[in-house]
Amino acid sequence: MKKENGTDTELLFGETIYEPEETSRKPAPARKKVARNQEKKIAPFKKPFIKKSGTEDKKVKNGLGNGLKIIPLGGLEQIGMNITAFEYEDTIIVVDCGLSFPEDDMLGIDLVIPDVSYLKENIDKVKAFVITHGHEDHIGALPYVLKEINVPVYATKLTMGLIENKLKEHVLPRPVKRKVVKYGQSVNLGCFRVEFIRTNHSISDAAALAIFTPAGIVVHTGDFKIDYTPVNGETIDLQRFGELGKKGVLALMCDSTNVMKPGYTMSEKTVGKTFDNIFADNEKSRIIVATFASNVDRVQQVINSAERFGRKVVVEGRSMVNVISTATELGYLNVPENIMIDMEEMKNYPSEKLVLITTGSQGEAMAALSRMAANIHRKVSIEPGDTVIFSSRPIPGNEKSVSKVINELAEKGAKVIVQDTHVSGHASQEEIKLIYTLTKPKYAIPVHGEYQHLKYHAELAQELGIPKENTKILSSGDVLELTQEHAALVGKVQAQGIMVDGLGVGDVGNIVLRDRQHLSENGLIIIVLTLEKYTNQLLAGPDIVSRGFVYVRESEYLMDEAKNIVYAALERCLDNNVSDWTKIKTEVKDSLSDYLWKKMKRNPMILPIIMEVE
């Protein structure tokens, strides 16, 4: 351990972390001077690229060196599964490592994680994971990926706390080195230097990254918004973005989620005022608030309103309990003494003195609110007169699930409130324009969004003066090479999502999904035949079992006809001296399939099973 500015700093694998605490306390003119002095303290790199004069490395400037490769392994053309690799010669760093939730056609799949085959093939180059914030779409895949790529993880304090919670739930073959980084700190990783910059988002401790590379500076905003009145912490460090702009930013990788929304995103504090109004208007009701488990600032405002109106707070939902415990322990959640009670203590208080904070704002089937709405929650039942607040916006694709839960709540007599109870954690157009204006990047690389968002973002960047040829819309797996002279796609790597089903990781692929889809749409018919070993004479059967196709007791005529078809097919095989079981199964399957299609216009999966006896 090393003491620096009174703060403990851990050195990992020869990497240097310096902590410019004085920078944040000095006024602007002095800050610039201190920052310059601190840059002189940076440890030497494999290829020096920060010079006293501020000029670029001549080799890179003249276009003689290798370019910086940016390789998104997920997070593009979709919302979620954010992960991007940055490679220069023998160094790779990875920004974020998130998961996404399954599409409707991914039957039985629990979640999707990124394919990190490229990182495994280049494991000797990978130096670290650098995490921007603690949402599932940025940290959710870490426990799976770290089992195969065990490198240090760098993140801010709350983000690291949430990562450690996830790692406790998985058994890793080796311990993972973890380092908490403060805003303003820089981490040397091979030939990269990564600086953490304060931003605002719907979770505390979110950070943008300034990645200093031999080719130039790349700014990755992470998920961000500009909130001048945040609930917890300080506002985004716009001054640092401006300082980087003056130095010269090679590329800006900016959040695209709300790029199609004009104006500015509202401050998180506006939701607190809405909560106060709702609590005042519903003094005689039990209040249930559903929100994202990771939205610590939103939970803080619910607790604040509960304290003002003399209510006790109950937390329900495993992920919500874990996040609140971690945030409270680390000082990111201020919980007044005696305001939180256990679920079992609810019976000791009148309904109008209770607030439940719960998961399930996205209509997830097994989340706490969904179970309450469906009357299958063991401890909480929805009562007439309850007020239920949905403090979130449905993620695209979840609208039907959310609507179903709202309808179930309304049927039980609850009052459901969805208006003005949520603000986004992502920047709208004017905030994105401000970041571009401050950083003045040479290249614009939109990230974090579906294709329509990325395209709109590219057009917005062009309106701000970025040449069209310098705006790059990437797809997951693209390899973009950047130098001061050019930006070009130079290859493609494997970047398909890997599906997780229970404890199985990657064992379910497209063929299995296709079979599941077929079974879900058309059902299954199993045909059981018993043949004599040497003569292939039919000894028993055919017996037909139907699952998900027709109800056998109401379709006896159809089943009898199907048996006749199978018997006729088997007779043809025997008459033609066909003894190969594969050919017999194919003939039986094709004959029955043709009959069922002509009869019912259905195409069930047919599985012939032949048993042999002597």
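Everything numeric here is computed off the predicted structure, so don't read it as measured data.
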Atom CZ of R602: over 12 foreign heavy atoms under 6.0 Å | yes
Polar side chain donor-acceptor pair, E463 to Y436, under 3.5 angstrom = no
By salt bridge (Lys or Arg N to Asp or Glu O under 4.0 Å), D115 pairs with (sequence neighbours left out) none
Please collect all salt bridge (charged side-chain N to carboxylate O under 4.0 Å, His left out) contacts where either partner lies in residues 266-275, sequence neighbours excluded, each pair once.
-> E268-R298
Rounded distance (nearest 0.5 Å) linking atom CG of D297 with atom NE2 of H201 | 10.5 Å
Classify the side-chain pair T359/S319 by whether it contains a donor and acceptor separated by less than 3.5 Å.
-> no
Q362 versus E364, side-chain donor and acceptor atoms under 3.5 Å | no
With side chain to side chain contact (heavy atoms under 4.5 Å, CB included) as the test, would you mind laying out the steps for I435 and V219 before giving the verdict?
-> CA-CA 10 Å; I435 295 298; V219 175; 5.8 Å; no
Smallest heavy-atom separation, A373 atom then L409 atom, equals CB-CD2, 3.8 Å
Under the salt bridge (Lys or Arg N to Asp or Glu O under 4.0 Å) test, which residues partner E169, sequence neighbours left out?
-> R318
Salt bridge (charged side-chain N to carboxylate O under 4.0 Å, His left out) partners of residues 374-398, not counting sequence neighbours, each pair once | R286-D386, E344-K379
Is there a side-chain contact between V116 and I83, using heavy atoms and a 4.5 Å cut-off?
-> yes
Heavy-atom side-chain contact between F224 and T132 under 4.5 Å = no
Verify, without hydrogens or angle tests, whether S361 (side chain) and A290 (backbone) share a donor-acceptor contact under 3.5 angstrom.
-> no
Could you give the distance from CZ (F241) to CG (L434), rounded to the nearest 0.5 Å?
-> 9.5 Å
Say whether D223 and H135, considering side chains only, have a donor N or O and an acceptor N or O under 3.5 Å apart.
-> no
M253 and I70 have their tightest heavy-atom pair at CE-CG2, 3.8 Å
Could you tell me whether K312 and E345 make a salt bridge, using a distance below 4.0 angstrom between a side-chain N and a carboxylate O?
-> no
Can you check whether T274 reaches I417 side chain to side chain, under 4.5 Å on heavy atoms?
-> no
Taking T235 for the side chain and D227 for the main chain, is one N or O donor matched with an acceptor at less than 3.5 Å?
-> yes
Which residue pairs pass the ring-ring contact (aromatic ring centres under 6.0 Å, His included) test when at least one of the two sits in residues 347-394, sequence neighbours left out?
-> none
Would you confirm whether T156, through its side chain, and D205, through its main-chain N or O, come within 3.5 Å as a donor-acceptor pair?
-> yes
Do other residues, nucleotides or ligands put more than 12 heavy atoms under 6.0 Å from M340 CE?
-> yes
At their closest point, which heavy atom of T229 faces which heavy atom of S267, and how far apart are they?
-> OG1-OG, 2.6 Å
Any I226 side-chain heavy atom under 4.5 Å of L238 side chain | yes
Residue pairs passing the side chain to side chain donor-acceptor pair (under 3.5 Å) test with at least one member in residues 254-263, sequence neighbours excluded, are D255-T257, D255-H426, S256-H457, T257-H426, T257-H448, N258-S424
Heavy-atom nearest pair, G75 first then N82, reads CA-OD1, 3.6 Å
Taken in chain and number order and not counting sequence neighbours, the residues that satisfy salt bridge (Lys or Arg N to Asp or Glu O under 4.0 Å) with K412 are none
Just checking, any donor-acceptor pair under 3.5 angstrom between side chains of S428 and T265?
-> yes
Who passes side chain to side chain contact (heavy atoms under 4.5 Å, CB included) against N165, sequence neighbours left out?
-> K168, N322, T326
Name every donor-acceptor pair, under 3.5 Å, that has one atom in a side chain of residues 303-311 and the other anywhere in the protein, sequence neighbours excluded.
{"from": "N304", "atom 1": "OD1", "to": "Q300", "atom 2": "NE2", "distance (Å)": "3.0"}
{"from": "N304", "atom 1": "ND2", "to": "Q300", "atom 2": "O", "distance (Å)": "3.4"}
{"from": "S305", "atom 1": "OG", "to": "D276", "atom 2": "OD1", "distance (Å)": "2.7"}
{"from": "S305", "atom 1": "OG", "to": "Q301", "atom 2": "O", "distance (Å)": "3.2"}
{"from": "R308", "atom 1": "NH1", "to": "D276", "atom 2": "OD1", "distance (Å)": "3.0"}
{"from": "R308", "atom 1": "NH1", "to": "D276", "atom 2": "OD2", "distance (Å)": "3.1"}
{"from": "R311", "atom 1": "NH1", "to": "S285", "atom 2": "O", "distance (Å)": "2.8"}
{"from": "R311", "atom 1": "NH1", "to": "E352", "atom 2": "O", "distance (Å)": "3.2"}
{"from": "R311", "atom 1": "NH1", "to": "L354", "atom 2": "O", "distance (Å)": "2.9"}
{"from": "R311", "atom 1": "NH2", "to": "N282", "atom 2": "O", "distance (Å)": "2.9"}
{"from": "R311", "atom 1": "NH2", "to": "S285", "atom 2": "O", "distance (Å)": "2.9"}
{"from": "R311", "atom 1": "NH2", "to": "E352", "atom 2": "O", "distance (Å)": "3.4"}

Could you tell me how the ring of Y144 sits relative to the ring of H170: parallel (under 30°), tilted (30 to 60°) or perpendicular (over 60°)?
-> perpendicular
E430: salt bridge (Lys or Arg N to Asp or Glu O under 4.0 Å) partners, not counting sequence neighbours = K433
Is there any salt bridge (charged side-chain N to carboxylate O under 4.0 Å, His left out) pair reaching into residues 418-427, and which pairs are they, with sequence neighbours excluded?
-> none
Interatomic spacing from CD1 in I139 to NZ in K166 - rounded to 0.5 Å | 5.5 Å
For atom NZ of K601, decide whether the heavy atoms of other residues, nucleotides or ligands shown that lie under 6.0 angstrom number more than 12.
-> yes
Sequence neighbours excluded, the answer for side chain to side chain contact (heavy atoms under 4.5 Å, CB included) partners of S476 is L76, A495
